[in-house]
K.L.:
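Structure incoming, see below.
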Amino acid sequence: AWNGHQALIQVEYVFREEAIDPRNGRPDSFQALISGIEFRNNGSAGDDRLGQAAGLSINQADVIVDSNYFHDLQAYDGAALLIRQFSRAQVVNNLIWNNGGTRWGAVVDTRNDAGNNEGTIYLGNSFIGNTAKEGSALFHDFGGGVFLNNLVAGNVSAGLDSGAIDTPALEAKGALMLRKDSTLSVLMNTFSGNQVVDAVDPNSGAINIETEGSTNVVQLNVFAGNAVERGRDLSLNGNVSVGRGGAIGIFNQSTPLIEFNLFTGNQAGYGGSAIAS
């Protein structure tokens with residue numbers, strides 16, 4: 001189906017309601033459930049800020065997103081899934097494949113402020129072959145949550161402008177973007193074969209952290225074969241000192257805790273084949 005600049009499904013203002021189950025006298029919780037749906041072939045790929053969330057949009061809602069297939073969706077931001085404004089979502093066992101974001105990636109999770117709710121739970125999902133300028137798999141800011149036991153593989157962050165494919169844009173950054181005030185915990189995931197290419201300032205093959213002082217925990221993950229190209233500056237014939245953080249890049253006064261991870265076969269065109277800070 002093709003639906004232009006609108007998500008195929010939009011869930012808004014569906015809040016969790018606690019009630020007492022008369023069978024056992026215990027509290028019960030009711031949420032919206034999106035499950036077993038194939039979202040495909042929707043959206044548009046231009047430089048158009050109206051084109052957000054071609055698949056599923058969640059706004060101020062409590063939603064379980066379980067065992068869906070998001071593929072071949074195109075949008076300016078959040079081609080497959082957009083979660084925003086104090087939502088509480090559980091994203092479990094979904095295949096998120098071959099989606100394209102012009103600016104931010106397949107999934108965008110924003111303004112779920114950590115002080116107001118527990119953030120989004122990402123569990124057992126596969127993010128494969130998605131593209132964007134930043135956060136090709138997931139762009140996350142302003143909130144908490146857990147990113148647990150997911151596969152993030154073969155995603156590409158590329159800095160080419162949509163309107164002029166031969167002219168590199170300024171930046172391109174990792175498959176997982178943790179930005180301002182994100183406190184997402186990244187635990188027991190596999191990051192494999194993600195790339196940052198075609199940019200003047202490329203960074204962070206798997207995870208880019210620029211949370212401006214907030215802390216992310218990155219533990220017990222495998223980083224294998226992620227890569228960042230050397231920066232491309234046409235005036236200098238590509239010989240510039242950028243292209244950092246084959247697996248992880250840490251910037252903007254960020255203070256992550258990174259421990260008990262395995263790094264193997266990651267590459268950076270300039271420096272920090274595993275980690276650059």
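These values consider heavy atoms only, across backbone and side chains, with no hydrogens, waters or symmetry-generated copies. Nothing here was measured: the structure is a model prediction, and the numbers come from that model.
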K.L.:
Say you draw a straight line from CG of Leu178 to CD1 of Ile209; how long is it, rounded to the nearest 0.5 Å?
P.N.:
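If I round to the nearest 0.5 Å, the distance is 5.5 Å.
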K.L.:
Locate the shortest heavy-atom distance separating Pro202 from Arg230; write the atom from each residue and the value.
P.N.:
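What the structure gives for the nearest pair is CG-C, 4.1 Å.
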K.L.:
Between Pro256 and Ile250, what is the shortest heavy-atom contact and its length?
P.N.:
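In this case the closest contact between Pro256 and Ile250 is CD-CG2, 3.8 Å.
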K.L.:
Could you tell me which non-hydrogen atom of Phe127 sits nearest to which non-hydrogen atom of Asn155, and how far apart they are?
P.N.:
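Where Phe127 meets Asn155 most closely, the heavy atoms are O-ND2, 3.1 Å.
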K.L.:
If I compare all heavy atoms of Trp97 with all of Asn130, which pair ends up nearest, and what's the gap?
P.N.:
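Distance-wise, the nearest heavy atoms are C-OD1, 3.6 Å.
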K.L.:
Can you name the closest pair of heavy atoms from Ala79 and Gly101 and give their distance?
P.N.:
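The answer is CB-N, 4.4 Å.
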K.L.:
If you measure only the distance, is there a donor-acceptor pair under 3.5 Å linking the side chains of Tyr122 and Asn189?
P.N.:
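Note: Tyr122 and Asn189 side chains miss the donor-acceptor criterion.
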K.L.:
Tell me whether Asp72 is salt-bridged to Arg40, with the criterion being a basic N under 4.0 Å from an acidic carboxylate O.
P.N.:
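No, Asp72 and Arg40 are not salt-bridged.
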K.L.:
Can you see which heavy atom on Ala54 is nearest to which on Ala75, and at what distance?
P.N.:
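The pair with the smallest heavy-atom distance is N-CB, 4.2 Å.
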K.L.:
Nearest 0.5 Å please: distance from the CG atom of Leu82 over to the CG atom of Asp109.
P.N.:
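Rounded to the nearest 0.5 Å, the CG-CG separation comes out at 8.5 Å.
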K.L.:
Less than 4.0 Å between a side-chain N and a carboxylate O, is that true for Asp141 and Lys180?
P.N.:
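No.
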K.L.:
Can you measure from CG (Leu148) to CG (Leu184) and round to the nearest 0.5 angstrom?
P.N.:
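If we round to the nearest 0.5 Å, Leu148:CG and Leu184:CG are 10.5 Å apart.
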K.L.:
Which of these, Thr183, Leu187, Ile258, sits in a side-chain contact (heavy atoms from CB on, under 4.5 Å) with Val217?
P.N.:
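It is Leu187; the other options fail the test.
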K.L.:
Does the pair Arg179/Glu134 count as a salt bridge with the N-to-O cut at 4.0 Å?
P.N.:
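So Arg179 does not pair with Glu134 through a salt bridge.
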K.L.:
Side chains of Glu259 and Gln219: is there a donor and an acceptor less than 3.5 Å apart?
P.N.:
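On atom types as modelled, these side chains qualify, holding a pair under 3.5 Å.
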K.L.:
Is the ring pair Phe223/Phe263 parallel, tilted or perpendicular, if the boundaries are 30 and 60 degrees?
P.N.:
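Parallel: the ring planes of Phe223 and Phe263 meet at under 30°.
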K.L.:
Do Lys133 and Asp77 sit within salt-bridge range, that is, some charged N less than 4.0 Å from a carboxylate O?
P.N.:
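Result for this pair is no, no salt bridge flagged.
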K.L.:
What distance separates Ser126 OG from Ile96 CD1, expressed to the nearest 0.5 Å?
P.N.:
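These two atoms lie 8.5 Å from each other.
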K.L.:
Just say parallel, tilted or perpendicular for the rings of Phe39 and Phe70, cut-offs at 30° and 60°.
P.N.:
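The rings of Phe39 and Phe70 lie parallel, inter-plane angle below 30°.
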K.L.:
Give, for atom CD1 of Ile207 and atom CD1 of Ile248, the distance between the pair rounded to the nearest 0.5 Å.
P.N.:
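One finds 5.0 Å between CD1 of Ile207 and CD1 of Ile248.
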K.L.:
Side chains of Ser182 and Thr211: is there a donor and an acceptor less than 3.5 Å apart?
P.N.:
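There is no such pair (donor and acceptor under 3.5 Å, judged by atom type) between the side chains of Ser182 and Thr211.
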K.L.:
Between Tyr270 and Arg244, is there a cation-pi geometry (under 6.0 Å to ring centre, at most 45° from the normal)?
P.N.:
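No, Arg244 and Tyr270 do not form such a contact.
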